[in-house]
Amino acid sequence: MLVPLRPPTDSTNHYTFGLIGDDVIVPLFLCRSLTTAMAAVARLLFRVTGSKASTAHVNSGAPGVLGTSLLSLSPKCSSKLQTQKKHASHFTYHPDPVPTMYGPTTKMNLFQSVTSALDNTLGSDPTAVIFGEDVAFGGVFRCTVGLRDKYGKDRIFNTPLCEQGIVGFGIGAAAAGATAIAEIQFADYIYPAFDQIVNEAAKYRYRSGNLFDCGNLTIRAPWGCVGHGSLYHSQSPEAFFAHCPGIKIVIPRGPVQCKGLLLSCIEDHNPCIFFEPKILYRAAVEQVPTEAYTIPLSQAEVLQEGSDVTLIAWGTQVHVLKEVVNMAQEKLGVSCELIDLQTILPWDTETVCKSVAKTGRLLISHEAPVTGGFAAEISSTVQEECFLNLEAPIARVCGCQEVDQLLISIYSAPRSNLSEDFTANRSYYFPSHCPYLEK
Amino acid sequence: MQKMMTIISNVLRGSASRNAASAVVLSRSYADFTPEATFDIKKVDIYRLEEGPPLTSTLTREDGLKYYRTMQTIRRMELKADQLYKQKIIRGFCHLYDGQEACAVGIEGGITLSDHLITAYRAHGYTLTRGGTVREIMAELTGRRGGIAKGKGGSMHMYTKNFYGGNGIVGAQVPLGAGVALACKYLGTDQLCVSLYGDGAANQGQIFETYNMASLWKLPIIFICENNQYGMGTSVERAAASTDYYMRGHYIPGLRVDGMDVLCVREATKFAADHCRSGKGPILMELQTYRYHGHSMSDPGVSYRTREEIQEVRSKSDPISMLKDRMLSNNMASVEELKEIDIAVRKEIEDAAQFATTDPEPPLDDLCSHIYANEKPFEVRGATPWTKLTSHS
């Protein structure tokens, strides 16, 4: 049954209940944004564990303390579609602190940090070339502004409209020794090049017995929801490529990370795909070092230490989860550990598993549809490695299963204002036959 | 009430529905107007053909008024869409077709509604010529339930019977067109498929794959390259090694046609249709045309070309003006008559815009509908494990 959207009201309904055997008193509330992620965190914490007595009590359902309070406080929903839509894609960008170890910094937004990285590369590496659709005048997102004037038109040049050709050509150029930086205009258009990336670029080194490789290739593409992108300007295809050994996939959360990670990708001796969150191109402003610096690949970053639940995201969603972390602390008294995965492939299993071993709960969030999304991979590995540490099922707050992007941007992106009817949903965590509760 | 008034005034004026020519009741009588005239049209460049389309075209008064009305409707509809987009009533992407009206109207003049057509994202004009109404088109642009794709497609995804859209990915629609053409041939109908793409898309690999398949199997397909000189912001000289798009089919015969002249386009399309229907296989047409707006609403359109250039094309080769001049100078219509049509068109667009702004959005139930074919409604997981949406088919 479809659940209507909730109006953005400041009134909070406080729910008080106690978990038997537990002294936690937790108010539950519904706020105008981040409801979904917040509620997911809340549920992980309410996961009943511990004594059989408590579980039996909850299992008996409605008459329990938990049940009554939830039933009685079931909120009335009224849908106000228009106001909801405006706030649906809302998130606040949280800038990183000013980095001190890389030299002098200057204010840059995301696309300027890309330009800076490319500038550093073209300056230090005479074999570096940048090509793609419309890159010569500066690119549709201004990522290559000024470079052609500075370095010449034989180093930054436009290609015709042919993604398969662009990547194939890039592979060849890289194999011949050039540092090839290809731009695909939107990640949504990368599919004609899918065969070249997966069948050619990824396997080149392996099939030639290390005789040839295209490690000098880096492919950059704008990525992710932007609110009005619809089907073909909003996609996050990292999961498609994650299934392919031989390439690296990197997604930054902000300008400082972007420049460092992009320079690492360019230096890395493997073909890399670098997805840049397009909604952050202008929105994300930080103090970024002007000199070249690298941030290591395959290292996830713990942005906030916590003890109760581990949250993982990458790209734009990191900022949504940062808000969740604050809210969880304020409203629920829950201490979240937030990890930015940064490199999707190969991903940092160690940091993640160590964190889950500590907290016992995991929530992964991404914009892409949930089925077969990268959260599934993380979830599977974590349950393998940390099975006995887990206190609750791993939660994924992701784009709607099987719904395409037009609607994702407005309704089903995990930062959208999906409301939930708690009464109807509590059966998810307290089903009548739950294997977890049977010891 | 409003509707009543419109109907009454329409009846009094004697003008009927949008597509019919107006049986005019004005100060002049029927006998005053020339029922048909023959015009000289530009010679068409041909490739791998013995002869091209005729150098003259006969236009009846009825057809002339029909073409005028349709082109004017497309023009005003696009300008209205521009206005609504700037008011943020239309969101997302919007690629406008003004300047290229002669292509859509001319092509339709050379084929019938039972033929098939597929194009890329600059599709509003084709949606109209293929049977869509302005109301449905505008409601689709604003994403309302009255839209031609129920509000779920938007500007780039409009469809009607025998019109396969409206496709976002550049070049992807051309192989689709070949498939449709195969179906026509296989089913033994006399129909053909017109498969359109732009000068930017002409450099996509899949187009050449399609040329090969169509030629090999002699499919009844007309490939049409709408060359509006710019692929987004890149001029044709900077994108293509050969800008003779009509020759790029290599083994496929080609025509290069003045796409700003509706009669030229019509004659060429008729010629191409005959070629296909006689079983000779595919044919390629390049329409040299021009768009006044930028690539999309986020492109001002003047950073890669000068305003003077746009002005020049507007003043010298505007398709609507060209038709209007022809008809007036041959006494096929009067100034007042054409003005009446303008007013009627304007009214139609206003009504449609009104509908498009007031119609409600699709119901939330539609969010997950039509993912798969007709099956029992099934549950779709939302952003979290406990948010369930239902998919209806």
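None of these values were measured; they are calculated from a predicted model. Residue numbers begin at 1 in each chain, while the letters A, B, ... track the order of the sequences.
Rounding to the nearest 0.5 Å places OH of B:Tyr121 at 13.5 Å from OH of A:Tyr232.
Listed here is the closest heavy atom pair of B:Gly200 and A:Leu161: O-CB, 3.4 Å. When all heavy atoms of A:Arg396 and B:Arg381 are compared, the pair lying nearest together is O-NH2, 2.7 Å. The shortest heavy-atom contact between A:His228 and B:Phe93 is O-CE1, 3.6 Å.
Looking only at side-chain heavy atoms (C-beta outward), A:Val140 and B:Met232 come within less than 4.5 Å of each other. Using a 4.5 Å heavy-atom cutoff, the side chains of A:Leu231 and B:His157 are in contact.
Along residues 290-302 of chain B, no residue comes nearer than 4.5 angstrom to chain A, judged on non-hydrogen atoms.
For B:His250, the NE2 atom counts as loosely surrounded, since its 6.0 Å shell holds 12 or fewer non-hydrogen atoms of other residues, nucleotides or ligands.
Among the candidates A:Thr159, A:Asp134, A:Asn158, the single residue satisfying the side chain to side chain donor-acceptor pair (under 3.5 Å) test with B:Thr234 is A:Asp134.
With a threshold of 4.5 angstrom between heavy atoms, A:Glu163 approaches chain B through its backbone and through its side chain. Only the backbone of B:Ala201 comes within less than 4.5 Å of a heavy atom in chain A; its side chain stays farther off.
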